[in-house]
Structure formats: C-alpha cells, structure tokens
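These notes concern the structure reproduced below.
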Protein chains: 2
Amino acid sequence: MLSFTEENYLKSLLQITLENEEKNGAGTNELAAHLKVKPATATDMLKKLKSKKLVDYKKYGKISLTVAGRKYAVEIIRKHRLWETFLYKKLSFTWDEVHEVAEQLEHIQSQKLIDRLDEFLEYPEFDPHGDTIPTAKGELKISFKKTLAEVADGQSCKMVAVKDNSADFLKYVVKVGLGINNNIKVLSKESYDSLLTIEVNGVVSSVSQKFAQNIFVVCPPDTMKPTSKTKKR
Amino acid sequence: MLSFTEENYLKSLLQITLENEEKNGAGTNELAAHLKVKPATATDMLKKLKSKKLVDYKKYGKISLTVAGRKYAVEIIRKHRLWETFLYKKLSFTWDEVHEVAEQLEHIQSQKLIDRLDEFLEYPEFDPHGDTIPTAKGELKISFKKTLAEVADGQSCKMVAVKDNSADFLKYVVKVGLGINNNIKVLSKESYDSLLTIEVNGVVSSVSQKFAQNIFVVCPPDTMKPTSKTKKR
DNA sequence: TATAAATGTTAGAGTAGTCTAACAAATTTT
DNA sequence: AAAATTTGTTAGACTACTCTAACATTTATA
C-alpha cells in the first residue's frame, strides 16, 4: 500500500503525460513544479518509486510510469473524479468547490467503497468538469473536452458539464433546451462576435460566446487502454 | 489544523473518558494502548497537544481534554458516525464493515462536506451501531445503548440499530413489526431461557434471546454538553 | 564547438511521528 | 514503611518527507 505522497507523485506523472500526449516522459523540474515541491525532493521520491517498479527512471533521463504505476495512477484519478461527481450531484457542491475536497477523498483506501460509490452514482461517464471517469477495469477514455465556444463550425458534440453554477445561467441552459448528454450540432459561427447557431434535439438556437464558454462538451471520444502491453504483435 | 495523528489522540482521549464516566482522566499507558503506540510515543504527543492547549497534562498526572480539545474530538466523532451512517444507508455496507472505512473518512477536512452529508442523510440521530451522532453544535447525547436482551423487565426503549445484517434476520425483524425508531416495551422475561415478551405499536410478540441480542436499543437518553464550563456556579 | 543556461543530483539538515532502553515516580503489597 | 510492581518519562535512534546549497550533466546558444 502506498502513502498519500507516493500516490500524489503517480497521479502527477499521469496528469503530465495526459496533458502532453506527444512527449515521451516528464522531467524532474516539471514533476516537482506540478507537486509544489523542490526538484531535489522529487529526485528522492523517484528513486523510491523506481525501486517499487512504479516508474521508469534513470539519472538525467525522462520519467514515465510503468504499467503497474499507470494502473495505480488511473485508480487514483478514478477515485478523484467519482468523489467530485458525488459532491456535485449528491451534496450540491458547485463546479469549483469539488476539486479541493476530492484531493483528500481520493486517498481513501477501500475497493468496496469506490465500487459502491460508482454504483450509487449510476456509473457516471463524466465528472463535473467534463473529464471522463476511468472504469472499474482501469480504462481511461481520453475525451477531447472543450467548451462549446471552441467547437468548430459544422462539428457535433455532446454536453458533459457546465462551468457556471449560477441560477441565471442554469435557467438559460434549460431555456435553450440543453442538458447533460444532449447532442449539439454547431450549425454556424459568426466571425464578428462568435455568436453560435446550434441545433439540439432538432431545435435551432443562437447562443453568445460567453454562454458557450460555460458549456463543456466532448467531441469524438477515443478509448485508451491502461497499457500498451496488451497489444499483440 | 491538526494532523491525522493529533486528531486520533484527541479522539482516543474522548473515547476513554466516555467509556469511564466516573474517572477523572486517562493514563499514559491506557492512551497508548488505545492508539496502539508505545507509552513513550504518547508522552511526546501529550507535550505537543498540551502546548496547543488541547489537553490538560502534567508529568505523572492524569490526562484530560481541555474545552477546545473536547470540542475538536466531538467533531471527529461526529464525522466518524456520519460517515458510518452514509456507508450503511447509502452504500449498503454492513454493520461490521463501516468502522474501518470511517476511520479514514473522519479526517477529511471540510466543514461544508460534513454539513451537507448530515443534510443528505436527513440529520440522523444514531449511527449503524446505535451510538448517538453529535449535532453540528457539538452536543453529544450519551445514549445508554444496549441490546434488547439487556433491557430489564417492564422497561421501555427505542430501537436504534441492528447488529446482524443477514436477510433471514432482517425479515424476522419486519415480521415482529419492529423497525428503527420503534418504541419497544419489555413486558416480561422468562428466567429459564430469557424469552422476551415485547410490545411494539400495541402488538405483543415473543422473541428469543438470540434475536434480542441483535437489536440495539436506547433507554432514557440524556444530554451532555460539550463542556462543563457553561455551567454556572 | 565552446560557453552559457537550464536541468537534474547529491549531501547534509530539519520536522513529525515512531521505537527501544534506561531511568524516575507513584502505587501496591507485604 | 520498605520492597516490589506498575506506571510514566527521558534520551537517543530510525523512517518518511521535505528543504537548501553545492555540484554535475545536458541542452541551447553564440
């Protein structure tokens, strides 16, 4: 069983690699900055995680997670996002309040707890920020999460979350006929003021850029397995 | 903000004092045994907690919580019991599974979380073990929790929890007309086999001792304020 | 390609919490 | 009340994680 600290290092490494798909690994300074510790501290921990076979690391080299390390990290992300969903959906926390508490809850050790929580929440796909929740099997779909404002002309997407929790905004969302899991097609985008014309359930509406920036959507979801070793060659 | 460890020391001290109302304070060995550490370790921590004004302690003397320390400890107990209730009621954990996970969850730092959880659970009075849950104001009712088998002839009590979670037992409970919060009057107790005759909602039934040992009840609840300083003299 | 800049590592030290071993005080027994 | 036992404390050491300061390696730049 890993300590909170070790878990945080694994989680940061996964987050860094997810943010930069093209990169081959993280750097010590980068990792240290992500965890808000000094590089020297990160070096020490990397040696420890290496000895536990959770990271691939050698002096002055790039850092990456081993298969076991990645699996562990995905579990932490899963816990984090399930707790965020719980706080948001069941305890009426707002979009911006969930993260801090989930940072603590993600370290609770109990497989049964997380399985039951998943069930209780009815196996949610997305957390309140629109990020995908890894499955119990450790599958992490990479969602190309963006705001509706970033969706290109003619493209379709699915609403996964809101960024603004004010009553005004949420009423407006309902008025436009939008809701979680609705499919949205962007019919056109005005170049002058970025006014969007969208179609939801066959209904066409116009929404401002400000509005669109507060709606999170995913475009074409893609599955990424927890490891590439399962691939046959 | 206190560390997990410091919180555990305060919690243990409160638990020890609650278990022995008549005693004037805990001893170092007793506290150390409760926390599964060595006495030397406890001595060190006591000095630290004393410097934070959370315990009253002097060399070779009895240990007790200050008003501030007790307040903190009651909050931890409150969190623990609310989480147990959540696990039991919402995530279908059994009576005996909740404690271990609640030991972890009780240390999560978020006032909003615990207030919302309390609301979500509809302000429960008792946890799955039949122990009272301190209120948001820090009031801890001392319940004279016992099993139905221990209730004296002629006495009345209220059912607060079950000890056995098997389907067989729970079906039996329903059959006898029992449920959480029901008032039970013990009409008579057979001295030979402890068979109980009880009255619930005007209906009289007979239950075995084995059955009665798996029902938790409270008899005459008594309120105990978080501090005795509020008493005027 | 030599030098400067950026990046990463090592050594030594500090804090929190734990331990063991030796000692000190309080309590119980005779 | 003296001795024995129990209880509690001190001193020194260990682990996990962190830091700063000095040094080493790699990369970028002139």
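For clarity, every value in this text was computed on a predicted model and none was experimentally measured. All chains are named by letter (A, B, ...) in the order of the sequence lines, taking the proteins before the strands, and each is independently numbered beginning at 1.
Taking 4.0 angstrom as the limit, A:T5 places none of its side-chain polar atoms (N or O) nearer than this to OP1 or OP2 of D:dA16. One finds no side-chain N or O of B:T43 lying less than 4.0 angstrom from the OP1 or OP2 phosphate oxygen of D:dT10. Residue B:T41 places at least one side-chain N or O closer than 4.0 Å to OP1 or OP2 of C:dC19. Between D:dT10 and B:K59, a contact under 4.0 Å exists linking OP1 or OP2 to a side-chain N or O.
B:K47 comes within 4.0 angstrom of sugar-phosphate atoms only, judged by non-hydrogen atoms across all strands, and of no base. Backbone-only engagement by B:Y9 is indicated by non-hydrogen atom pairs under 4.0 Å involving sugar-phosphate atoms exclusively.
With respect to the salt-bridge test (charged N to carboxylate O, under 4.0 angstrom), the residues B:K11 and B:E103 qualify. In summary, B:E30 and B:K62 do not engage in a salt bridge, as defined by a charged side-chain N under 4.0 Å from a carboxylate O. Taking 4.0 Å as the cut-off between side-chain N and carboxylate O, B:R78 and B:E106 do not count as a salt-bridged pair.
Side-chain atoms of A:Y57 lie closest to C:dT9 of the nucleotides C:dT9, D:dT10, D:dT18. The side chain of A:D44 lies closest to D:dT18, out of C:dG8, D:dT18, D:dT9.
The separation between B:K38 atom NZ and D:dT9 atom P is 16 Å, rounded to whole Å. Rounded to an integer number of Å, the gap from CG of A:L46 to P of D:dT18 is 12 Å. Rounded to a whole Å, the CG atom of A:L35 is 12 Å from the C1' atom of D:dT18. Note: CD (A:E7) to C1' (D:dA16) measures 15 Å, nearest angstrom. The distance between atom NE2 of A:H34 and atom P of C:dG8, rounded to the nearest whole Å, is 15 Å. Rounded to whole Å, atom P of D:dT25 lies 17 Å from atom CG of A:N29. In this entry the distance linking CD of A:E6 with P of D:dT18 reads 10 Å, nearest Å. Here C:dT9 presents its C1' atom at 18 Å from CD of A:E30, a figure rounded to the nearest Å.
The two residues A:G27 and A:I63 have their closest heavy-atom pair at C-CD1, 3.6 Å.
Two residues, A:K36 and A:Y60, neighbour DNA chain D, and the one matched to the more 5' nucleotide by heavy-atom proximity is A:K36.
Within the cation-pi definition used here (under 6.0 Å to the ring centroid, within 45° of the axis), A:K90 qualifies as a partner of A:F120.
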